[in-house]
Structure formats: C-alpha cells, structure tokens
Amino acid sequence: MGNYLLTFLRPMPNLPKLEELAPGRVLKVEGKALAVVNIEHAEVVAGAGELPVEVGSGWVAPVVDLRGEQGEFATIDYSEDPPLFFLGERVPFEALRLANLREDRAGAGPATATAVAFNCPDCGAPLAKHVEVTEAIGCGAAARCST
C-alpha cells in the first residue's frame, strides 16, 4: 500500500482473542486508541535479506492490524500463544536509512500503483476503489466470501 511501518515487539498482556475482534473495534494501548483496520490470515510467499527470523514459503499467521489517529500502527500475531504484539508507526521510506538494497528498490520510495477496479481473489466479485486515499478494501459479498 506504499506505507512503511516500523514496529517493535512489545509486551501486551490480556490481548483479546482473535474471534473477539472486528474492524472498527478500538483497543487502548498506552493511553492511545487504536482501531482494528484489518484481520486476515497472512501467508509468506518469500523472504530475503537480513530478517530477524527465518522465513519460509507457506507459513500462515492469523494477524490483526490496528491504526491510531496520530500515525500509530500495531499488529497482533496470533500464530503463537500468547499472541505477539508489535507496536510502532508509519515512517517515510527515507527515514529507514536502508543500505545495500537491490538496484530496482534502492531509493525508489513508496509504490505508485493506481488500481481502481479489480476482482476479489477469493470469490471473484468485482471490487472498486471509490476514494483516492483508500488503502484497503474488503469484499462485500459476505454470503459467499471470507475476504
């Protein structure tokens, strides 16, 4: 989505169960309100570079993303028990000060994709972006789709 998010593993006791969360639900974290914006089963397709853990294709993790009004960002990773909680914020690409990037990525900055209409990858229902700043779209064909 063209965003760069810098997060760190933080202790967070008493996280709600995955099935208790829904988009829009607000959690209080360090006195700030973070709203659930995405719930999905993320699947690793590839990994490269200096990563903190070994990443292999096919690993699936149920994850929940949350955002705050001041750029705060959090992810709850339910692939472990207890769940892992990562807290951070959106940062400009340049602020990451990355080095030794592949030539096709070095200094490229945010992605510039401009898709406005496409089909749901799960059920094939048509999806459309109606507002320019839209970053995520959920499928409205709830009767036949889980996306």
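Start at 1 with the first residue, then count along the sequence.
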Minimum heavy-atom distance [X]-[Y], with the two atoms named:
| X | Y | answer |
| --- | --- | --- |
| E43 | G58 | OE2-CA, 3.8 Å |
| P16 | Y78 | O-OH, 2.6 Å |
| T7 | F73 | CG2-CD2, 3.8 Å |
| S79 | A61 | CB-CB, 3.9 Å |

Less than 4.5 Å apart, side chain to side chain, heavy atoms only: is that true for [X] and [Y]?
| X | Y | answer |
| --- | --- | --- |
| N38 | V64 | no |
| L5 | R67 | yes |
| I76 | L84 | no |
| K32 | E69 | no |
| F85 | L9 | no |

_hydrophobic_cluster_shared for L18 and L34, side chain cutoff 4.5 Å_ =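 Cluster IDs for L34 and L18 match.
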
*Between V63 and L87, is there a shared hydrophobic cluster once you connect ILVMFWY residues whose side-chain heavy atoms come closer than 4.5 Å?*
no

*Using a side-chain heavy atom cutoff under 4.5 Å and only I, L, V, M, F, W and Y, what cluster partners does V45 have?*
none

*Please determine which of V26, V29, L27 meets the side-chain contact (heavy atoms from CB on, under 4.5 Å) test together with L66.*
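Filter result, single survivor: L27.
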
*asked:* Give me each pair satisfying salt bridge (Lys or Arg N to Asp or Glu O under 4.0 Å) with a member in residues 73-89, each pair once, sequence neighbours excluded.
replied: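 Non-adjacent pairs meeting salt bridge (Lys or Arg N to Asp or Glu O under 4.0 Å): zero.
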
*asked:* Strictly by salt bridge (Lys or Arg N to Asp or Glu O under 4.0 Å), give each pair with a member in residues 3-19 just once, sequence neighbours left out.
replied: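 Sorted result for residues 3-19: R10-E30.
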
_Derivation of the side chain to side chain contact (heavy atoms under 4.5 Å, CB included) call for E72 and R90_ = CA-CA 7 Å; E72 304 92 351; R90 182 171 39 178; over 6 Å; no

*Does E94 use its side chain to pair, donor to acceptor, with the backbone of P92 at less than 3.5 Å?*
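It does not hold such a pair.
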
